[in-house]
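One structure is given below, encoded as structure tokens.
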Amino acid sequence: MRKLSEYVEMAATEYLHETGRVELDPHWIAEFFQDQGVFDAYPLLDLVAFHALVQKALDVKSERANKQARRHIEKVMEVVKRRRRK
């Protein structure tokens, strides 16, 4: 049996790859919850709680991606500034 955190991570990653969006679609997560066996593995977990966990994982992934993008842009800007000085 998979850990709940594995289901959450799997859902967040799959959703990002399929849709490219960060705002979780309720129909998509309901289908995942049923089809991937989350309900069978965790019968006391309700869909709303699972949705909240996956949305939080998506938010974390989004924030990390934004931070990486900002760092990359800052590095590029430093290179551009150095080249202009020469």
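Every value quoted in this text rests on a predicted model; they were computed, and no experiment measured them.
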*When rounded to the nearest 0.5 angstrom, what is the spacing between CE in M1 and NZ in K3?*
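Taking CE in M1 and NZ in K3, the distance rounds to 11.0 Å.
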*When rounded to the nearest 0.5 angstrom, what is the spacing between CZ in R85 and NZ in K81?*
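Spacing of CZ (R85) from NZ (K81) equals 7.5 Å.
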Any non-hydrogen side-chain atom of [X] less than 4.5 Å from a side-chain atom of [Y]?
{"X": "L58", "Y": "Q55", "value": "yes"}
{"X": "F50", "Y": "Y42", "value": "no"}
{"X": "L45", "Y": "L4", "value": "yes"}
{"X": "V79", "Y": "K75", "value": "no"}
{"X": "H51", "Y": "F33", "value": "no"}
{"X": "V22", "Y": "K61", "value": "no"}

_Within a 6.0 Å radius of atom CZ on R64, are there more than 12 heavy atoms belonging to other residues, nucleotides or ligands?_
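Check fails, neighbour count at 12 or below.
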*Decide, yes or no, whether a salt bridge links E9 with R2 under the criterion of side-chain N to carboxylate O below 4.0 Å.*
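Not counted as a salt bridge, because no side-chain N and carboxylate O are separated by less than 4.0 Å.
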*asked:* Can you tell whether the side chains of E74 and K67 come within less than 4.0 Å, N to carboxylate O?
replied: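 Here E74 does not pair with K67 in a salt bridge, since their nearest N and O are not under 4.0 Å apart.
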*Distance-minimising heavy-atom pair for V8 and L53*: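 Here V8 and L53 meet closest at CG1-O, 3.6 Å.
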*Compare every heavy atom of F32 with every heavy atom of A11, then report the nearest pair and how far apart it is.*
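So the two residues come closest at CB-CE2, 3.4 Å.
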*Evaluation steps, salt bridge (Lys or Arg N to Asp or Glu O under 4.0 Å), between R71 and E78*: CA-CA 11 Å; R71 274 188 256 133; E78 287 175 18; over 6 Å; no
*Give the intermediate values and the outcome of side chain to side chain contact (heavy atoms under 4.5 Å, CB included) for residues V38 and L47.*
CA-CA 9 Å; V38 181; L47 178 57; over 6 Å; no
*Is the backbone N or O of E23 less than 3.5 Å from a side-chain atom of Y15, with the two atoms forming a donor-acceptor pair by type?*
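Checking the backbone N and O of E23 against the side chain of Y15, a donor-acceptor pair under 3.5 Å is found.
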*Please assess E14 against W28 for the test side chain to side chain contact (heavy atoms under 4.5 Å, CB included), listing each intermediate value before the final yes or no.*
CA-CA 10 Å; E14 191 174 316; W28 189 95; 3.9 Å; yes
*Assess whether side chain to side chain contact (heavy atoms under 4.5 Å, CB included) is satisfied between D25 and T19, documenting all intermediate values.*
CA-CA 10 Å; D25 180 273; T19 66; over 6 Å; no
*Under a 4.5 Å side-chain heavy-atom rule over Ile, Leu, Val, Met, Phe, Trp and Tyr, are F39 and V48 clustered together?*
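As far as the 4.5 Å side-chain criterion goes, V48 and F39 are not connected within one cluster.
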